[in-house]
S.K.: 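Take this structure, written in structure tokens, and hold onto it; I'll ask about it next.
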Amino acid sequence: NKVLAVLAVSSVAMMGLSACGGDAGTESTKVLKVAFNQNASHPQAVAITELSDKLKEATDGAFELELFPDEQLGSQAETLELVQSGAVDMAIVAGPLLEAFNPDFSVLNLPYVYDSPEHQMSVLNDPEITGELFDSLETSESISIVGAYHGGVRNVYTGAPVETPEDLAGQKIRIISSDTNVAMLGMMGGVGTPMPQGDVYTAIQSGVLDGAENNELIYADLAHAEIAKHYSYTKHLMIPDYFVANPTVMAAFSDEQREALETLFAESVDSELASFDSKVSEAKAKAEAAGATFHEADVEAFREAVTPLHEDKVNNDVTKAIFEKIDAAR
Ligand code: GCU
């Protein structure tokens with residue numbers, strides 16, 4: 001088992017470190033393992049690495065973070081389970097996965113709900129808006145949410161340009177697993193097919209899928225651009241990527257250390273967002289070099305098609321209150 005092997009190797013490495021002492025002040029450093037499903041140059045990976053350095057300094061060497069990129073510890077759903085059991089300390093997971101534990105999270109994953117990445121981040125990291133929802137997973141599910149990163153704007157890619165929902169008729173499009181996403185892709189005209197990110201390339205290549213929906217980074221970095229050459233700007237979704245931790249890990253932080261983590265995390269959210277656009281430009285150039293083309297789509301037609309989903313999912317006091325606050329934050 002690849003995951004256990006990685007975990008075993010890293011704990012041996014840690015034992016080695018504490019056995020030989022190391023630099024003064026690092027002897028008792030707790031190295032928190034962070035599972036990540038994308039590559040080490042992704043803006044979130046860079047943000048976590050910076051956060052680790054600053055956290056180590058702010059806590060006088062008590063904590064640092066060690067990133068395991070490229071699905072080394074498993075798919076996002078698998079790493080979420082490892083965080084819940086405590087086998088892995090932390091992970092970055094896409095918002096739709098949390099709907100399985102509390103369907104109210106759906107309100108933060110709806111298509112066309114945010115005007116801009118800045119709007120999205122101001123909503124997600126405002127404890128007045130999301131605090132109670134985030135806390136809801138702590139005791140019952142053993143998931144602490146430290147906060148949320150921007151994860152790009154998602155668009156559709158297949159073997160042909162997509163301009164309107166009619167163009168997606170009969171097309172199997174990979175989505176991140178959630179009821180909301182299945183319903184959304186259906187309303188967009190296609191057939192939503194849940195699958196872990198790492199399986200998508202082979203599935204498109206073998207014809208199991210006709211395409212997928214994601215940001216430009218994934219499209220280029222996972223070489224999807226080679227096998228689904230038309231990327232169409234439906235701009236339907238901005239999903240949160242949550243930085244989650246096992247609650248026992250968080251309990252090891254003193255109040256002061258926790259405060260430092262929160263402040264530094266907020267800084268890392270800003271720097272991640274600031275670097276996203278240039279990564280998108282790089283990714284587009286890379287995808288074009290691989291033979292891909294980018295197209296405008298009829299965004300209004302897609303927006304209209306998915307509107308009923310807002311009514312379906314904003315269906316109780318919790319989601320209504322959050323939805324109103326999202327609106328007010330525009
Ligand atoms: C985005 C998102 C990831 C997610 C991925 C996916 O890249 O940032 O968290 O895993 O999409 O589609 O699976």
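This chain uses plain numbering: 1 for the first residue, then up along the sequence. Just so you know, ligand 1 is whichever comes first in the structure, and atom 1 is the first atom listed for that ligand.
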S.K.: Heavy atoms only: which of Met195, Arg174, Met238 lies closest to atom 13 (O) of ligand 1?
M.R.: Arg174
S.K.: Just checking His150 against Phe276, ring centres under 6.0 Å apart?
M.R.: yes
S.K.: I need the atoms of ligand 1 closer than 4.0 Å to a non-hydrogen atom of Asn214, numbered in the order shown.
M.R.: 1 (C), 5 (C), 6 (C), 7 (O), 11 (O), 12 (O)
S.K.: Closer than 4.0 Å to some heavy atom of Ile218 - which atoms of ligand 1 meet that?
M.R.: 7 (O)
S.K.: Quick one: do Glu288 and Lys284 make a salt bridge, cutoff under 4.0 Å?
M.R.: no
S.K.: Please identify which atoms of ligand 1 are closer than 4.0 Å to at least one heavy atom of Gln76.
M.R.: 3 (C), 4 (C), 9 (O), 10 (O)
S.K.: Is it the side chain (CB and beyond), the backbone, both or neither of Ile92 that lies under 4.0 Å from ligand 1, heavy atoms counted?
M.R.: neither
S.K.: Aromatic rings Tyr231 and Phe294: how do their planes relate, parallel, tilted or perpendicular, breaks at 30° and 60°?
M.R.: tilted
S.K.: State yes or no: are the ring centers of Phe134 and Tyr242 separated by less than 6.0 Å?
M.R.: yes
S.K.: Of all the atoms in ligand 1, which lie at a distance below 4.0 Å from a heavy atom belonging to Ile176?
M.R.: 6 (C), 12 (O), 13 (O)
S.K.: I want to know whether His310 and Tyr112 have ring centres closer than 6.0 Å.
M.R.: no
S.K.: Any pair with a residue in residues 291-309 that passes salt bridge (charged side-chain N to carboxylate O under 4.0 Å, His left out), sequence neighbours left out, goes on the list, sorted by first then second residue, please.
M.R.: Glu300-Arg303
S.K.: What part of Asn215, side chain, backbone, both or neither, has a heavy atom within less than 4.0 angstrom of ligand 1?
M.R.: side chain
S.K.: Quick one: which of Glu216, His42, Arg154 has a heavy atom closest to atom 1 (C) of ligand 1?
M.R.: Arg154
S.K.: For the 3.5 Å polar cut-off, considering only N or O atoms, please tell me whether Asp241 and ligand 1 meet it.
M.R.: yes
S.K.: Quick one: salt bridge (charged side-chain N to carboxylate O under 4.0 Å, His left out) pairs with a partner in residues 320-330, sequence neighbours left out?
M.R.: Asp115-Arg330, Glu128-Lys325, Asp327-Arg330
S.K.: Could you tell me which atoms of ligand 1, counted from 1 in the order shown, lie closer than 4.0 angstrom to a heavy atom of Ala94?
M.R.: 9 (O)
S.K.: Just to be sure I'm reading this right: ignoring hydrogens, which of Gln197, Gln44, Gln38 gets closest to atom 5 (C) of ligand 1? Compare them by their nearest heavy atoms.
M.R.: Gln197
S.K.: Among all protein heavy atoms, pick the one closest to atom 10 (O) of ligand 1 and tell me residue, atom and distance.
M.R.: Asn37 ND2, 2.8 Å
S.K.: What about Phe36 and Phe243, are their ring centers closer than 6.0 Å?
M.R.: no
